[in-house]
Novice: 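I have a structure here, written as structure tokens, and I will follow up with some questions on it.
Reckoned from all heavy atoms, side chains included, excluding hydrogens, waters and symmetry mates. Values in this document were obtained by computation on a predicted structure and should not be read as measured data.
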Amino acid sequence: MATNPAPQSNDNSNRPAPGSAPDAKTAADIIREKVARAYSEEPDASKEAAEAAGITRRSKHQRFMHDLSNSGKDLAAIQNEWHDYYQALPDHEKHQVWQEFYESMPALYGPEKVAEKSSPQAVSEHKKQAAKPPRNRATAAPNAKKKLRDARSKEEVQTAIRNKVSAGGKLQAKHHFQSLLFGLGIGVIVIIIFLFGFFNEVFITPFIQPGRTSADAPLIVNTTVAPSATPEVIIPKINVEIPVDYTQTSTNEADIENALEDGVVHYPTTVLPGQNGNAAFFGHSSNNIFNKGKYKFAFVLLHTLQPGDTFYLTYSSKVYAYKVISKNIVPPNDVSVLGPVAGQTATATLITCDPPGTSINRLVVVGQQISPDPSSNTQATTTSASGTSATTLPGNGPTLLTRVVRSWPGKIVLTAALLGILFVTLRWINQPKRALQAR
């Protein structure tokens, strides 16, 4: 398509100030500059060639273009030669070229517009607009900032945002349902991760089965038991061989919970193996996998023992064998299980939490000493023989959630979370009021 000069407002940048006497030569130079700019560009060569091809009686310019277009040259060469030819023409012939161009396109401009379009004034104004250099970006910046200001009201902006979010009201019920399912799905995943992180001792307990290659809970391959340098409790039925701590002297529950990280703990107010009376031992059934300690699941399978099963205690280079005679579940405050067992000379009691992973109750498994013969035992001291100085049986250590809440960073996070929930709740309650005020 040919380059069509477009109208433009008069350029008054070079006019002298009102009341001044312009110099005649300066005024003439301004006019010459405007004419030169008006005809600085030529009609498109391809359009000009088509125009020349459709005319029988051609002007000088049309003959030149007709011969040039039939010379076999490519369009780029034709465009360059036409440009050189046009630039060499005087202004009145350039005007003639544009006039012929307008007259050759009545379908676009109409006969009544040709005279107006081809006038020197119209062409001059159009070429002046096309030749005008672009505005300096620095000077245009203030105006650009003004144009960027949104003249819409707050309500109109909010409506536009709602329409954008809701796709202009085109969202269907299924889209809202899908969004709801997505939100619920993400919420469920977060809750599952949260629950597993803080309460995994409950979830994974049913899947705990001590293996023969466990480094934390060495396993028994046969029932031949020999004393070791480290005191141990050995339960062949559940393949467990775990060290026992006899050094505890405190009955404080926190102290015993800390000692349970390193194995099974002998309760200090009860008798020792080889003494007449009841020796009590505590071990974890389950604990949070993020808590410290290697023996979180020491007695997780203790509930599988039945009367008649055997377990062993190694102590002071001797092996003591016990046959299970009872298994009971008692509340945490039933400290009578620490005392002597009626009708028995020497017993050992294994105690753990029940159900595994909680501290709701205690599982108590009592074994009667069958080897060596209890008649060779020594008498226990009065303090250890009673075994009733405690008021509560030790349980599992604090959960991960409890430890987090008790710590200062945990308290800060919990406080921030509560404040956030309060803020969201208040904002949700006040939302109808803000909607009424907006109206």
Novice: Name all residues meeting the side chain to side chain donor-acceptor pair (under 3.5 Å) criterion together with Lys73; count only those two or more places apart in sequence or in a different chain, and write none if there are none.
Specialist: Glu81

Novice: Quick one: CG on Leu260 to CD1 on Ile256, what's the gap to the nearest 0.5 Å?
Specialist: 7.5 Å

Novice: Can you list every salt bridge (charged side-chain N to carboxylate O under 4.0 Å, His left out) pair that touches residues 315-339, not counting sequence neighbours?
Specialist: none

Novice: Counting only N and O atoms by type, is there a donor-acceptor contact under 3.5 Å from the side chain of Thr270 to the main-chain atoms of Ala280?
Specialist: yes

Novice: Under 4.5 Å between any side-chain heavy atoms of Val330 and Leu393, yes or no?
Specialist: yes

Novice: Of the non-hydrogen atoms in Val264 and Gly283, which two are nearest, and what is the gap between them?
Specialist: CG2-CA, 4.4 Å

Novice: If you define the side chain from C-beta out and look only at heavy atoms, does anything of His303 sit under 4.5 Å from Val365?
Specialist: no

Novice: Would you say Asn258's side chain and Ala254's backbone share a donor-acceptor pair under 3.5 angstrom?
Specialist: yes

Novice: Would you please name every residue forming a side-chain contact (heavy atoms from CB on, under 4.5 Å) with Asp74, sequence neighbours left out?
Specialist: Ala76, Ala77

Novice: Would you confirm whether Gln369, through its side chain, and Pro372, through its main-chain N or O, come within 3.5 Å as a donor-acceptor pair?
Specialist: yes

Novice: Tell me which pairs pass ring pair (Phe, Tyr, Trp, His ring centres under 6.0 Å) where either residue lies in residues 344-366, with sequence neighbours left out.
Specialist: none

Novice: Sorted by first residue and then second, give each salt bridge (charged side-chain N to carboxylate O under 4.0 Å, His left out) pair with at least one member in residues 297-310; sequence neighbours left out.
Specialist: Lys237-Asp309

Novice: Let me confirm one number: the CG-OG distance from Asn333 to Ser336, rounded to the nearest 0.5 Å.
Specialist: 9.5 Å

Novice: Under a 4.5 Å cut-off applied to non-hydrogen side-chain atoms, are Asn276 and Val271 in contact?
Specialist: no

Novice: Among all residues two or more places apart in sequence or in another chain, which pass the side chain to side chain donor-acceptor pair (under 3.5 Å) test with Ser317?
Specialist: none

Novice: Hey, what do you get for CG (Leu363) to CG (Asn328), rounding to the nearest 0.5 Å?
Specialist: 8.5 Å

Novice: Under the rule for side chain to side chain donor-acceptor pair (under 3.5 Å), what residues qualify as partners of Asn361, not counting sequence neighbours?
Specialist: none

Novice: Go through the structure and list residues passing side chain to side chain donor-acceptor pair (under 3.5 Å) with Thr249, not counting sequence neighbours.
Specialist: none

Novice: Do Ile235 and Tyr312 pass the side chain to side chain contact (heavy atoms under 4.5 Å, CB included) test, and can you show the C-alpha distance, the side-chain angles, and the key distance before you say yes or no?
Specialist: CA-CA 6 Å; Ile235 311 174; Tyr312 303 87; over 6 Å; no

Novice: Does some side-chain heavy atom of Ile351 sit less than 4.5 Å from a side-chain heavy atom of Val337?
Specialist: yes

Novice: Taking Asp373 for the side chain and Ser376 for the main chain, is one N or O donor matched with an acceptor at less than 3.5 Å?
Specialist: no

Novice: Roughly how far apart are Gln368 CD and Thr310 OG1, rounded to 0.5 Å?
Specialist: 11.0 Å

Novice: I need the full list of salt bridge (charged side-chain N to carboxylate O under 4.0 Å, His left out) pairs touching residues 340-364, with sequence neighbours left out, sorted by first then second residue.
Specialist: none

Novice: Is a donor on one side and an acceptor on the other found under 3.5 Å between the side chain of Thr230 and the backbone of Pro243?
Specialist: no

Novice: May I have the step-by-step check of side chain to side chain contact (heavy atoms under 4.5 Å, CB included) for Leu350 and Leu302, ending in yes or no?
Specialist: CA-CA 8 Å; Leu350 308 180; Leu302 190 64; 3.9 Å; yes

Novice: Could you give the distance from CZ (Phe297) to NE2 (His284), rounded to the nearest 0.5 Å?
Specialist: 10.0 Å

Novice: Between Thr378 and Gln275, is there a donor-acceptor pair closer than 3.5 Å when you use the side chain of the first and the backbone of the second?
Specialist: no

Novice: Here's a test for you: under ring-ring contact (aromatic ring centres under 6.0 Å, His included), which of Tyr246, Phe282, Tyr315 qualifies with His266?
Specialist: Tyr246

Novice: With ring pair (Phe, Tyr, Trp, His ring centres under 6.0 Å) as the rule and sequence neighbours excluded, what pairs involving residues 355-379 come up?
Specialist: none

Novice: Side-chain contact, heavy-atom cut-off 4.5 Å: Ile186 with Phe182?
Specialist: yes

Novice: Between Val364 and Thr349, is there a side-chain heavy-atom distance shorter than 4.5 Å?
Specialist: yes

Novice: Where do Ala346 and Pro374 come nearest, in terms of heavy atoms and distance?
Specialist: CB-CB, 4.3 Å

Novice: How many angstroms lie between CG in Asp84 and CD in Gln79, if you round to the nearest 0.5 Å?
Specialist: 10.0 Å

Novice: Can you name the nearest heavy-atom pair linking Thr251 to Pro268, along with the distance?
Specialist: CG2-CG, 3.8 Å

Novice: Would you say Ser326 and Val366 make side-chain contact, with heavy atoms under 4.5 Å?
Specialist: yes

Novice: Look at the side chain of Thr352 and the backbone N and O of Ser285, then say whether any donor-acceptor pair between them is shorter than 3.5 Å.
Specialist: yes

Novice: Does the side chain of Pro394 reach to within under 4.5 Å of the side chain of Tyr267, using non-hydrogen atoms?
Specialist: yes

Novice: Could you pull out all residues at least two apart from Leu181 that satisfy side-chain contact (heavy atoms from CB on, under 4.5 Å)?
Specialist: Phe177

Novice: Sort and list the pairs that fulfil ring pair (Phe, Tyr, Trp, His ring centres under 6.0 Å) and have at least one residue in residues 319-374, not counting sequence neighbours.
Specialist: Phe311-Tyr322

Novice: Do Thr247 and Asp245 meet the criterion of a side-chain donor-acceptor pair at a distance under 3.5 Å?
Specialist: yes

Novice: Please report the closest heavy-atom contact between Val324 and Gln306, naming both atoms and the distance.
Specialist: CB-O, 3.5 Å

Novice: Walk me through whether Thr392 and Val335 qualify under side chain to side chain contact (heavy atoms under 4.5 Å, CB included).
Specialist: CA-CA 6 Å; Thr392 303; Val335 296; 5.6 Å; no

Novice: For the residue pair Asn278 and Gln344, confirm or rule out a side-chain donor-acceptor distance under 3.5 Å.
Specialist: no

